[in-house]
Structures are given as C-alpha cells and as structure tokens.
Amino acid sequence: MKTPLSQAPIIGYVTPLAAAPGKDLSFRISSTGNQAFTARVVRIHCADPNPAGPGMRIEAIDLPLQASYAGLEQAVHAGSCAWAVLGAGMEDGAEGNHLTLHLRTRPTLVSDPLQVLASLQDANASAGVAVAVDHGEFVLMQLQRDGAPRVLRSGIAAIQDRWQAVTLDMELMTGRLSLIVANVPVGVPGAGPALPTRTAQLDTGTELAAPTHLCLGALWRGHPALGYNGLMEAPTLEAREAGDAGEVDTLVGQWHLATDMQAQRIPGTQPGMPTLVLENMPVRAVRSSAWTGKQLDWKHAPDEYAAIWFHADALADCGWQEALRLRVPAGLPSGVYGLEVRNADGADTIPFYVTPDPDGPRARVLFLASTMTYQAYANHARGNYAGALAERIAAWDAYPNNPDNITQFGASTYNRYRDTAGICLSSRLRPILTMRPGYLTFPDPNGSGLRHFPADSHLTNWLRDKGIAYDVITDEDLDDQGLAALAPYDVVLTGSHPEYHTRRMIESLIAYRENGGHLMYFGANGFYWKVARPASAPHMLEIRRAEGGIRAWAAEPGEYYHQFDGQYGGMWRRNGIAPQATGGVGFAVQGGFEGVGYTRTPESYDADVAWLFEGVTAQRFGDHGLSGGGAAGFELDQVVPELGSPSWLKIVGISDGHGPGFKIVPEEILTWTIAASLPRKYDGVRGHMAVGLAENGGGIFAAGSITFLGSLWKGGYDNDISRIVENCLRRFLSASDARAHGRRAPSNIAE
C-alpha cells in the first residue's frame with residue numbers, strides 16, 4: 001500500500017462556491033515545485049467510487065480553457081493574531097525612548113515551545129523584542145535580522161489556564177528590558193491563591209531600534225509566525241520621554257477587545273490611535289478575567305467579555321494567489337461541477353456549483369446543496385484513516401488526501417485546536433479535503449462509507465438517470481436571498497444531512513412550505529444547529545455548541561452567544577424552532593454507520609398517503625444500500641407534533657431492529673426514566689418515514705434517516721426506495737399543477 005500523503009501534489013479552493021452564468025469563479029491553486037498544470041471543467045453526477053454502485057460519473061464539459069497554466073507552490077500560514085502599524089512617530093523616535101506594553105493573558109497550551117504573546121517589532125520581525133511562552137516559562141526574544149531570535153530566559157512561570165498580568169519595559173537607548181508578571185484577580189472566585197509579582201531584569205547589550213509594529217499573538221512577517229495559544233485582554237502601549245518639565249508619558253495605543261465583536265479591525269480607544277487588524281479570525285465573545293457569571297450575554301456586559309482567544313493552528317484564509325478565473329458561460333445548465341487540475345505528480349477536483357440564470361428558464365425541482373454543513377465538517381480529522389479505510393481508498397482508487405495526514409489546511413468544527421478548545425469557526429477559503437469526489441469517510445463493510453458532498457451525489461445521479469431536470473443552489477444562496485431563492489420551485493430537495501442553518505435559512509424554508517411549496521427532506525439530524533455567517537466575512541461560519549445536543553465539544557458557560565451576530569447559538573430546538581417545524585421530523589436516535597429497512601405502518605394504507613407506495617408490494621422495504629447497507633441508519637429522525645410536526649403529516653414507515661449501539665439522543669430525555677416529550681407513536685429506537693400534503697397546498701416527505709439516499713441505487717434504481725421517491729416527486733409536482741390550475745393534472749417531471 002502507498003505511503004499516505006502529507007502534502008497534496010496539487011490542490012486548491014474556489015471562491016465563491018457558486019455562480020450563475022455570466023459570473024466569475026476564482027480558483028486558488030497550489031502546485032508543488034511550481035509545476036505547470038492543466039485544467040478542465042467536469043460535471044459531477046456521482047462521486048461514489050464504490051464498484052458495487054453506479055461508480056464515479058464525471059462528465060467532461062467542453063469550455064475554452066488554456067492548454068496549460070503556470071503553477072505556483074503556495075504556502076499556508078496558520079495562526080490567529082492582531083497587528084497594528086504604530087506610525088511614523090515611533091520610527092523617528094518622537095514617541096520617546098522608553099516603551100511599556102501592558103496586557104493580561106491566560107495561556108492555554110504552556111507546554112509548547114516558543115509562542116509569541118506580543119511583539120514590538122519592525123515590519124518583518126527582523127528587529128525588535130517579543131514576549132513569548134516557552135515550555136511553561138515567560139521569555140523575551142530579541143529579534144535579529146540574520147538567524148534565529150536571541151532568547152532571554154526570565155525564570156517566571158506561565159501558568160496554564162490562569163490569568164496573569166504581563167508588563168514589558170523597553171529602554172531603547174540602553175537595551176535594558178524588564179518583564180513583570182503578576183496574578184490577576186478574577187471575577188469568579190476559585191482561581192487559586194494569589195501569586196507574588198515576579199520581575200526579571202534582562203540586558204540585550206545593544207541599543208534597540210524604535211518599533212514600527214505591534215503584534216499580539218504572534219510575530220508579524222506579513223503573516224503570523226510562532227503563534228500563541230491563549231486568551232488576551234487589555235493591551236496598552238505607553239511611551240515615555242524626557243521633557244523640559246521632566247519625563248512625560250504618552251498613551252500610544254489602547255484597545256478594548258469587546259469593541260465591534262464581529263469586526264476584523266479594532267480601533268484604539270482614542271482618536272488617532274493605531275487600529276488592530278485581526279488575522280485568521282481569532283475567537284471573540286469569550287470570557288475575560290472580569291467575568292462574574294452574572295450575565296451570560298456578552299452584549300449586556302461587554303467588559304466581562306473583553307478578551308480574544310488566539311490559536312496557533314487557526315486558519316481563516318489561505319490567502320493564495322488566483323491561478324485561474326472562470327466565467328460561467330451562458331447556457332451552462334445549473335448543476336454540480338468541478339475544476340479538475342493536474343500536474344505531473346497528481347490531480348485534484350475542486351467542486352463548485354452553477355446556479356440558474358436569474359433571467360433564464362428554471363426547472364421545477366431544486367436541489368439545495370448543504371454547503372453550510374459541508375463547511376462545518378470541512379477537513380474533519382477522525383483518526384480512522386490507517387488500516388481498513390486506507391486499504392479501501394487504494395483498492396477503489398478513491399480520493400487519496402485525508403485530513404488525518406494532511407493537516408495544514410485546518411480542521412473542522414468537530415475537532416479541537418491544539419490547546420483542546422473546540423473549533424467554533426470554519427472557513428471555505430482553504431482546500432476542503434472532505435468535499436471532494438471519491439472522498440471516503442468510513443470503511444463501511446456494508447457500503448461505500450460516504451458522508452456529505454459525495455453522499456449527496458447519490459441523489460443527483462438518480463435525478464440524472466431518471467431524466468429529471470433540476471436546478472441547484474447552495475446554503476449560501478439561500479442565506480443571501482431568503483425565500484426568493486426557493487419561491488420559483490414546486491419541489492425543493494435536500495441532501496442526506498442538512499444540519500447547519502442560519503435563522504434566515506430556517507425561516508425561508510418554513511415560509512416556502514407554508515406558502516404552498518413541497519419539501520423532500522432526504523436525511524436526518526437536519527435543521528439542528530444554529531450558525532452565524534457575517535456579511536463582512538461571508539466565507540466564515542460560526543457554531544457555538546451551547547447546552548444540549550450531540551456535541552463534539554461543549555461551549556463554556558457564558559460563551560453561547562455568537563461573536564458574528566450576537567445571537568444565542570446552539571440547537572435550533574433550544575432556540576424555539578425544533579427541526580420538526582422545518583422538515584416535519586427531528587433528531588431522535590444515533591448509532592453506528594449501519595442501516596436496516598423500514599416496515600409500513602397501518603396508516604400508510606390510508607387513501608391520502610397510499611399513493612406513495614404505488615408499485616411497492618412488500619411490507620418491509622429498504623434492507624439494502626450503499627450507505628451502511630440499509631435505508632434507515634446512523635442517525636434517525638421522528639415525528640413529534642408538540643415540537644412542530646404538522647398535523648397532516650403521517651408516519652408511513654418505521655425502522656426497527658437497530659443494533660445495540662443505537663441510543664436515544666440526550667435532548668430526548670429528562671432522566672433515564674422520563675422522556676423530554678409527550679408519548680408519541682412509534683417511539684423508541686426507530687426512525688420515521690413520513691409524508692403528507694397540506695390542505696392549503698404544500699407538503700413534506702421526510703426519510704427520517706441519514707443513510708436513505710444510499711439505497712436509491714440497487715438494481716440500477718429499480719427498487720422500492722427509488723420507486724417511493726419517484727412516486728412522491730411526481731405527486732408533489734401534480735399537486736403543484738392542481739394548485740396552479742385549479743385541477744389535478746399529470747406532470748412531466750423531465751421538463
């Protein structure tokens with residue numbers, strides 16, 4: 001077996017993710033060794049490399065591209081920080097010969113080597129002084145033009161997870177440095193006994209140049225370097241110089257770190273002071289040393305949340321140069337596409353979406369690509385690559401790059417930073433390995449082991465095979481345009497796991513249904529987490545995993561409110577819009593990546609829903625599939641009327657016989673003997689398939705399972721699951737015809 005790659009030979013990303021005909025897409029590509037590369041556009045119908053399924057169905061699209069493109073190997077500079085240009089006054093010495101920097105910090109990874117807490121430096125960190133943490137000790141670094149920085153040890157301990165006040169004194173003429181570290185009393189008792197103030201006197205032995213830049217959380221070399229892991233607050237820079245009346249102190253810079261929480265620039269507290277520029281989106285809306293616990297919303301007590309959390313492995317924007325710009329040509333059908341790039345050592349396919357021409361014809365069916373969910377899971381390192389998964393990837397010639405091995409592009413919101421803090425911010429301005437055709441997530445013994453982007457291609461390939469015309473938009477389009485993005489369509493289809501939504505997205509989906517639209521929800525654990533996406537940084541997503549829910553990590557008390565929009569985060573259920581209010585069903589059961597079939601319920605034979613099973617003769621169906629071996633598996637949803645499931649929605653199929661690894665999710669129980677909701681039909685470890693048409697128009701089909709779409713394929717789409725989906729789609733389109741024309745009419749879904 002091949003050695004796993006730690007660097008992709010060629011890789012890239014695109015911005016934006018989607019464009020309509022006439023609009024441009026910018027591709028940022030890194031080619032190792034600056035190798036030239038070729039490029040072609042492909043349409044991605046099926047992204048499943050399993051030879052037991054339809055196989056990879058990638059169609060070349062003839063577009064006018066160059067025969068070859070110049071390659072450039074582009075670096076990645078991780079680490080969040082904040083920097084400011086101090087101005088000409090510092091450079092010419094007008095601000096004085098004695099500088100004092102004050103700040104408070106709480107280190108969160110003291111065991112790591114050289115992490116720069118703050119630097120007073122020149123433009124590229126070739127001169128100046130920095131305070132750093134090195135293996136649990138505060139040290140001073142004298143930056144040098146040639147060679148590594150000179151490290152001056154202080155003997156003062158940097159204490160893990162403890163607020164400490166740090167003061168750096170610099171006498172520029174003499175080169176003398178003083179480092180003073182003191183304990184910071186905190187707002188909530190229990191931080192431990194007070195520590196004595198410690199002072200270290202150090203001498204560089206040379207005159208120091210006046211700094212022109214301040215950087216917090218790293219050195220600034222046009223990018224962050226030697227990044228810090230920890231919180232910081234109350235940075236202040238003072239200058240002192242001799243005057244006729246004695247020494248005069250000047251406040252050069254002071255910043256309140258709760259100002260404009262969503263912004264990436266923090267102005268000084270007084271006019272004319274330098275502005276801090278934030279890089280790689282440090283985490284804000286976090287507790288400062290003044291936090292008392294009496295106010296949990298940062299907007300109501302900003303002084304208690306006036307801290308920033310820097311992480312040396314944060315990445316919000318690779319900042320790569322554009323390698324190729326593509327203008328989507330007129331007439332190119334809406335769909336899922338990719339730019340395939342190839343150099344002498346390898347290839348990569350960068351997915352993108354072509355949305356419908358706003359002035360052109362529309363299909364009647366819309367596929368809503370769950371790009372917010374893809375982004376939340378972007379580069380999810382699961383620690384499962386070695387062994388069976390790697391062997392399968394090699395055997396199927398599947399996508400070879402895995403975030404277990406290629407780590408420089410940042411991890412997902414299901415991972416943690418190196419200091420163990422949960423990752424709450426995710427960007428799409430970086431290569432997303434998990435969003436690639438042929439990417440395998442699990443070594444699924446009963447299927448392909450796909451999640452998210454490639455798993456959703458089970459639906460797009462089914463649509464193609466059935467000759468069903470459809471348009472595509474992304475979650476970002478829905479967030480930007482609201483209900484107007486959905487209104488032109490008779491039926492909206494989701495993928496297998498539409499989990500992450502902003503408020504505008506949720507409200508638009510509900511409004512679409514209530515205005516007569518038809519929603520086919522093909523997943524489970526959907527409409528679950530509330531996220532924020534700022535207009536000032538539309539490539540970013542924020543999740544605060546607040547109280548409740550299945551969580552990869554838990555937000556700290558007092559940190560449940562987003563920095564991007566100030567709204568309470570967490571589950572939509574905790575925000576008053578349970579998933580059932582959007583998709584008819586909501587998360588109830590989780591287990592392993594394995595599936596079973598459904599059994600028809602007695603009410604499935606009622607005349608108002610029996611049409612769903614036309615041509616289905618078996619009482620049990622769906623005991624097959626490319627995802628876990630069954631249509632009902634992994635995560636399961638249920639109908640719950642008091643949480644918002646419409647009264648006209650009927651449970652027509654239930655899954656049963658799940659293995660012992662399947663459990664009721666925490667939000668469904670109050671204690672081990674008391675459920676969180678009223679008794680319901682078909683409760684317990686089951687998934688619910690549900691369908692219904694509202695009297696005033698509109699309808700829902702809900703599969704109630706994440707593995708459902710993997711069961712479309714059996715027999716070349718000649719099976720009960722495929723038949724049920726087609727029956728429902730035709731019925732929903734006919735219902736739209738009848739509503740539009742005042743009568744029932746057949747519908748040609750291939751129009």
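Both backbone and side-chain heavy atoms feed into the values below; hydrogens, waters and symmetry mates do not.
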Please check if the side chain of [X] supplies one atom and the backbone of [Y] the other of a donor-acceptor pair under 3.5 Å.
| X | Y | result |
| --- | --- | --- |
| Gln164 | Ile159 | yes |
| Arg150 | Thr204 | yes |
| Gln375 | Ser426 | yes |
| Asn379 | Pro403 | no |
| Gln160 | Val110 | yes |
| Glu542 | Leu425 | no |
| Gln66 | Ser68 | yes |
| Arg284 | Met261 | yes |
| Arg544 | Cys424 | no |

Does any donor atom in the side chain of [X] or [Y] lie under 3.5 Å from an acceptor atom in the other side chain?
| X | Y | result |
| --- | --- | --- |
| Ser536 | Gln262 | no |
| Thr292 | Glu304 | yes |
| Thr100 | Asp169 | yes |
| Asn183 | Arg162 | yes |
| Arg106 | Thr108 | no |
| Tyr439 | Asn401 | no |
| Trp83 | Glu279 | yes |
| Ser31 | Tyr69 | no |
| Ser154 | Arg198 | no |
| Asp249 | His98 | no |

Would one find more than 12 heavy atoms of other residues, nucleotides or ligands at under 6.0 Å from atom [atom1] of [X]?
| X | atom1 | value |
| --- | --- | --- |
| Arg265 | CZ | no |
| Gln321 | CD | no |
| Arg551 | CZ | yes |
| Arg325 | CZ | yes |

Working to the nearest 0.5 angstrom, can you tell me the gap between [X] [atom1] and [Y] [atom2]?
| X | Y | atom1 | atom2 | value |
| --- | --- | --- | --- | --- |
| Trp255 | Ile308 | CH2 | CD1 | 11.5 Å |
| Gln115 | His311 | CD | NE2 | 11.0 Å |
| Tyr228 | Cys215 | OH | SG | 13.5 Å |
| Gln35 | Arg342 | CD | CZ | 12.5 Å |
| Arg287 | Trp309 | CZ | CH2 | 8.5 Å |
| Leu143 | Leu226 | CG | CG | 9.0 Å |

Closest non-hydrogen contact found for Glu233 with Leu257 is CA-CD1, 3.8 Å
Non-hydrogen atoms of Trp298 and Gly566 that approach each other most closely: CZ2-CA, 3.6 Å
[X] vs [Y] side-chain heavy atoms within contact, under 4.5 Å:
| X | Y | value |
| --- | --- | --- |
| Gln121 | Pro211 | no |
| Leu120 | Leu86 | yes |
| Arg533 | Pro538 | yes |
| Tyr305 | Gln563 | no |
| Ile10 | Ile29 | yes |
| His256 | Asp303 | yes |
| Leu429 | Arg28 | no |
| Gln7 | Thr32 | yes |

Determine whether Asn229 and Tyr417 satisfy the following criterion, side chain to side chain contact (heavy atoms under 4.5 Å, CB included), listing intermediate values before the conclusion. CA-CA 9 Å; Asn229 297 281; Tyr417 293 112; 5.7 Å; no
Quiz item: cation-pi between Arg545 and Tyr414, 6.0 Å / 45°: yes
State which residue, out of Trp320, Phe409, Phe352, fulfils the ring pair (Phe, Tyr, Trp, His ring centres under 6.0 Å) condition with Tyr13. Trp320
Take His380 and Thr441 through the side chain to side chain contact (heavy atoms under 4.5 Å, CB included) test and state the conclusion after the steps. CA-CA 9 Å; His380 185 185; Thr441 297; over 6 Å; no
Single hit among Gln142, Met141, Gln144 for side chain to side chain contact (heavy atoms under 4.5 Å, CB included) with Pro149: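 Of Gln142, Met141, Gln144, side chain to side chain contact (heavy atoms under 4.5 Å, CB included) with Pro149 is met by Met141 alone.
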Side chain to side chain contact (heavy atoms under 4.5 Å, CB included), that's the test. Do Val14 and Leu339 meet it? Break it down for me. CA-CA 9 Å; Val14 62; Leu339 182 75; over 6 Å; no
Passes salt bridge (Lys or Arg N to Asp or Glu O under 4.0 Å), Asp348 versus Arg436? Steps please. CA-CA 8 Å; Asp348 188 30; Arg436 289 295 192 265; 2.8 Å; yes
